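Working notes for the structure below.
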Amino acid sequence: EWRRAEYGAEHPEALTTLCSMAALHLEMKQYDHSEYLYRQALDLRAASLGTDHPSCVPYIESLANVLEVKGDPDGAITCYRWLLQLKERRLGLDDPEVVAVLMKLAKLLETRGDLGSALAVLQRVLRWQEENLGLNHESTLASASQLIRLMKYQTDPEEAAGESRTTPPSESKLGKRQLDQSAVRRLLFDLDLGSLRQGPPFFDEGPSHSHEVVDDANFEIEAS
């Protein structure tokens, strides 16, 4: 309080104090207090410089982290969508920081059960990884595995739900199928077709499934 009285509520020193207190409450697992303080700091910064100012980024990131840890996917998604807008505007669509936000967003969308949007975001991530990391990179293979699992869930939710998300890749069904460069290339080819004519690739053969893949170009970030 003394810092606010001395510097004013919107002064960087006062905001730094708010964030330090919020971080302390987060460490103590007092998530509601931490969220309140981060929101207060973000509101003050946005009121001073505008909601689209780059200086809001660290405050949004901190608030998103608290909400994610707290178990509030809807709130965290709102923050990450806001963050995505700011980073895309400042860094461009293909910057690694943008991709990092997309990966977090995909995870939260899946947690919320919005598989269509999660698939769209993951497709964009996988395209970036293919072009910048290569088909055999660990991150590319991990994204491909996650994308395949989500596709599987849409066509066969009972079987997909039976595979624990915490199962190590070496012990999972996807791990046993040994996703490799050719497998990822086939997945990308199937995505280019716009539909998976034989069901999600790399799974046991069975009846054909018709599955519509969400086009990531149609995924729009909602304004916060």
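Everything numeric here is computed off the predicted structure, so don't read it as measured data.
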**Non-hydrogen atoms of L150 and A118 that approach each other most closely** = CD1-CB, 4.0 Å
**Request:** Taking the side chain as every heavy atom from C-beta outward, state whether D32 and K70 have any pair of such atoms under 4.5 Å apart.
**Result:** yes
**Prompt:** With distance as the sole test, does T51 use its side chain to make a donor-acceptor pair with the main-chain N or O of A46 at under 3.5 Å?
**Reply:** no
**Complete:** Residues pairing under ring-ring contact (aromatic ring centres under 6.0 Å, His included) where one sits in residues 14-44, two or more places apart or in two chains, turn out to be H25-H33
**Asked** Is there a donor-acceptor pair under 3.5 Å between the side chain of T140 and the backbone N or O of N136?
**Response** no
**Prompt:** What is the minimum heavy-atom distance between W128 and D94, and which atoms define it?
**Reply:** NE1-O, 2.7 Å
**Message:** For E68, give me all partners under salt bridge (Lys or Arg N to Asp or Glu O under 4.0 Å), at least two apart in sequence or on another chain.
**Reply:** none
**Item:** L119, L122, L126, V125 screened by side chain to side chain contact (heavy atoms under 4.5 Å, CB included) with Q146, the one that passes
**Value:** L122
**Message:** Main chain of L141, side chain of S145: is a donor-acceptor contact present, judged purely on distance under 3.5 Å?
**Reply:** yes
**Message:** Quick check: do W82 and L42 have side-chain heavy atoms less than 4.5 Å from each other?
**Reply:** yes
**Asked** How is the hydrophobic cluster of L49 composed, in terms of its other members, when Ile, Leu, Val, Met, Phe, Trp and Tyr link through side-chain heavy atoms under 4.5 Å apart, directly or indirectly?
**Response** none
**Request:** Check step by step if side-chain contact (heavy atoms from CB on, under 4.5 Å) holds for Q85 and D52.
**Result:** CA-CA 8 Å; Q85 286 183 328; D52 59 348; over 6 Å; no
**Message:** So, using salt bridge (Lys or Arg N to Asp or Glu O under 4.0 Å) as the criterion, who are the partners of D95 when residues are at least two apart?
**Reply:** none
**Request:** Spell out, as yes or no, whether a donor-acceptor pair under 3.5 Å connects the side chain of S34 to the backbone of Q30.
**Result:** no
**Message:** I'd like to know if K104 pairs up with E61 as an ion pair, taking the criterion as any Lys NZ or Arg NE/NH1/NH2 lying under 4.0 Å from an Asp or Glu carboxylate oxygen.
**Reply:** no
**Item:** Rounded distance (nearest 0.5 Å) linking atom NZ of K152 with atom CG of L147
**Value:** 14.0 Å
**Request:** Using the test salt bridge (Lys or Arg N to Asp or Glu O under 4.0 Å), find all partners of R90 that sit at least two apart in sequence or belong to another chain.
**Result:** none
**Message:** Taking side chain to side chain contact (heavy atoms under 4.5 Å, CB included) as the definition, give me every residue that meets it alongside D114, ordered by chain and number, with sequence neighbours left out.
**Reply:** L109, R112, S117
